[in-house]
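Below you'll find the structure, written out as structure tokens, and then a few comments.
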Amino acid sequence: MKVIEHLARASRPLVSVEIIPPRRGGNLQTLYAAIESILPYDPPFIDITSHSAEAIWEEQPDGSFRRKVIRKSPGTFGLCAAIKYKFNIDPVPHLLCSGFTREETEDALIELNYLGVENLLLIRGDEKFKKPIQDYRSTNRYALDLVEQVANMNQGRYLGDLIDAQPSDFCIGVAAYPETHAESPNLHFDVELLKQKQDAGAHYAVTQLFFDNTAYHRFVELARAKGVTIPIIPGLKILTKKEHLWKLPATFHTEIPVELMERVRACTTDREVLDEGIDWTYRQAVALLESGCPSIHFYIMQDTRPFLRLMERLEQVI
Ligand code: FAD
């Protein structure tokens, strides 16, 4: 089922999660066990992140180093199939612009269509490293271009103008940034961009993680005023380590509220930090649900334990 159908049919707030494929050569059983552990909470859909290739330096037998380009966490599509057919949950693969030609993207979309995957989250990907692509190959520069490509396929318009091509029917999700994307000039630019993505065919948005609900509400208000009508699902992450106080703002351009910072700084053990993180996310989630949010998305990556502790409390109010 499509994400927007899940949202439309839900009789109670939905809780979805996002996971990351194991590192190359990693243990898939651990991830399966993680998914099994969250089944009692009935996630309607699970997002699976995607990662473009990165350059690594590999030591050679003669002691020299050779630059090698690899995808460290491949397997997004395989996991989609497993989640759909092993766990009967709708997978949402993330598809990137960075590092892929439009032709590769079309082939990937055809694979996903054949697999019965109905949802996609379309993002640009981070720009820190991009696999070099020859100039003559066509690429999607921004997520908006990717949305247009998928929306075209949904109309039966493939690259190369195929005759009698079967339209796909993907539900399209996109990213949204309540605290402004790092490269954007301001929040209004991001809101305008979300409107353009909606107009191009996006069906819903999921936000970047945030710790202050005011940022989410302000963003949604601005977006609604600009004519954005698609659901904007809040994305939350549980702060689990003291180093998150500086790593999360640096990576995701989110602000840690002073109260949370003080509470975490006062902790003397890892266990206390985790308790504070779970408590903060719990209060954020309850407030979002009380304000009428029909759904919350949790960035759990591979470790479900903090999420499970959170859900023990949250399920009392859902
Ligand atoms: P875009 O919408 O393309 O925007 C990127 C930047 O370009 C923005 O600053 C925007 O303002 C600017 N811009 C857009 N269009 C124009 C234009 N026409 N002219 C000038 N500037 C423009 N990353 C991964 O690598 N893998 C993942 O699986 C992944 N999943 C994510 C899931 C969610 C819910 C979110 C919020 C982010 C995720 N990311 C992921 C991170 C994402 O790839 C980065 O945040 C990326 O830098 C931006 O992606 P985007 O789709 O928002 O890009």
Side-chain angles (χ1 to χ4, degrees), residues 3 16-23 45-54 71-77 79-80 91-100 102 105 108 112 119-131 139-151 171-211 215-216 219-220 222-223 226 228 230-237 248-254 295-302:
V3 167
S16 57
V17 300
E18 180 161 318
I19 58 169
I20 181 168
R23 302 266 292 185
F45 56 92
I46 296 182
D47 277 55
I48 306 109
T49 60
S50 173
H51 301 273
S52 52
E54 288 177 42
R71 292 186 81 188
K72 283 191 184 152
S73 297
T76 301
F77 294 175
L79 273 174
C80 280
V92 185
H94 291 189
L95 243 66
L96 306 178
C97 304
S98 303
F100 299 94
R102 281 158 55 81
T105 297
L112 290 167
N119 302 287
L120 308 166
L121 191 92
L122 305 181
I123 55 243
R124 184 193 65 182
D126 282 318
E127 298 270 89
K128 28 176 214 265
F129 174 77
K130 277 202 296 185
K131 189 177 76 179
T139 50
N140 291 309
R141 181 166 180 202
Y142 295 113
L144 181 59
D145 305 321
L146 190 51
V147 172
E148 282 167 359
Q149 181 174 7
V150 177
C171 174
I172 301 174
V174 292
Y177 300 86
E179 294 172 274
T180 312
H181 184 265
E183 297 158 45
S184 294
N186 55 50
L187 194 59
H188 293 276
F189 190 92
D190 277 349
V191 170
E192 181 54 45
L193 186 58
L194 182 57
K195 173 72 165 57
Q196 288 174 31
K197 289 178 184 176
Q198 171 185 285
D199 293 347
H203 298 106
Y204 74 99
V206 181
T207 75
Q208 184 57 280
L209 57 93
F210 59 89
F211 292 92
Y216 170 78
F219 182 81
V220 172
L222 282 173
K226 269 275 174 208
V228 175
I230 56 175
I232 302 173
I233 301 175
L236 300 183
K237 176 172 173 61
L248 296 177
T251 311
F252 300 106
H253 287 264
T254 181
S295 172
I296 301 183
H297 189 68
F298 289 99
Y299 294 100
I300 61 172
M301 312 329 264
Q302 288 179 358

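Each ligand, and each atom within it, is numbered from 1 in the order the structure gives. Quick note: numbers below take in every heavy atom, side chains included, and nothing from hydrogens, waters or symmetry partners.
Taking every non-hydrogen atom of L96 and a distance limit under 4.0 Å, the qualifying atoms of ligand 1 come out as 24 (C), 25 (O), 26 (N). Those atoms of ligand 1 that come under 4.0 Å of a heavy atom in A175, given as number and element, are 35 (C), 36 (C), 52 (O). Short contacts between ligand 1 and G125, defined as distances under 4.0 Å to a heavy atom of the residue, involve ligand atoms 25 (O), 43 (O), 46 (C), 47 (O). Close approach to Y299 involves these atoms of ligand 1, each under 4.0 Å from a residue heavy atom: 33 (C), 34 (C). Every atom of ligand 1 is numbered from 1 in the order shown, and the set under 4.0 Å from a heavy atom of D190 is 11 (O). Less than 4.0 angstrom separates some heavy atom of T49 from each of these atoms of ligand 1: 28 (O). Residue S184 has at least one heavy-atom neighbour below 4.0 Å for each of these atoms of ligand 1: 8 (C), 9 (O), 10 (C), 11 (O).
For the pair E179/Q208, no side-chain contact is recorded, criterion being any heavy-atom separation below 4.5 Å from C-beta on. Between L112 and L95 the shortest side-chain heavy-atom distance falls below 4.5 Å. The side-chain heavy atoms of L194 and K226, taken from C-beta on, include no pair separated by under 4.5 Å.
Put simply, the side chain of D190 never gets that close to the backbone of L187: no donor and acceptor are under 3.5 Å apart. The backbone N or O of T49 lies less than 3.5 Å from a partner atom in the side chain of T76, making a donor-acceptor pair. For the pair Q198 (side chain) and I230 (backbone), a donor-acceptor distance under 3.5 Å is present. With hydrogens and angles ignored, the 3.5 Å screen pairs no side-chain donor or acceptor of Y204 with any backbone N or O of C171. Between the side chain of T180 and the backbone N or O of N186 there is no donor-acceptor pair closer than 3.5 Å. The backbone N or O of I300 sits nowhere less than 3.5 Å from a side-chain atom of E18 that would complete a donor-acceptor pair. No donor-acceptor pair under 3.5 Å is formed between the side chain of Q196 and the backbone N or O of L144.
In terms of protein heavy-atom proximity, atom 42 (C) of ligand 1 is closest to Y177 OH, 3.7 Å. Ranking protein heavy atoms by distance to atom 3 (O) of ligand 1, first place goes to A143 N, 2.8 Å. The closest protein non-hydrogen atom to atom 30 (N) of ligand 1 is H94 ND1, 3.0 Å. What sits closest to atom 44 (C) of ligand 1 on the protein, heavy atoms only, is D126 OD1, 3.4 Å. Distance from atom 9 (O) of ligand 1 to its nearest protein heavy atom, with residue and atom name: H181 ND1, 2.7 Å. Nearest non-hydrogen protein atom to atom 7 (O) of ligand 1 is Y142 CE2, 3.4 Å. What sits closest to atom 4 (O) of ligand 1 on the protein, heavy atoms only, is L193 CD2, 4.1 Å.
Residue Q208 has no N or O atom closer than 3.5 Å to an N or O atom of ligand 1. Distances between N or O atoms of I123 and those of ligand 1 include no value under 3.5 Å.
Ligand 1 lies within reach of K197, whose nearest heavy atom is under 4.0 Å from it. At a 4.0 Å cut-off, at least one heavy atom of V206 sits close enough to ligand 1 to count as contact.
Looking at S50, S52, A205, it is S50 that brings a heavy atom closest to atom 27 (C) of ligand 1. Distances from atom 51 (O) of ligand 1 to the heavy atoms of R124, H51, H253 put R124 nearest.
Here the shortest heavy-atom pairing between P21 and P74 reads CB-O, 3.5 Å. Of all heavy-atom pairs between T207 and Y299, the closest is O-OH, 2.6 Å.
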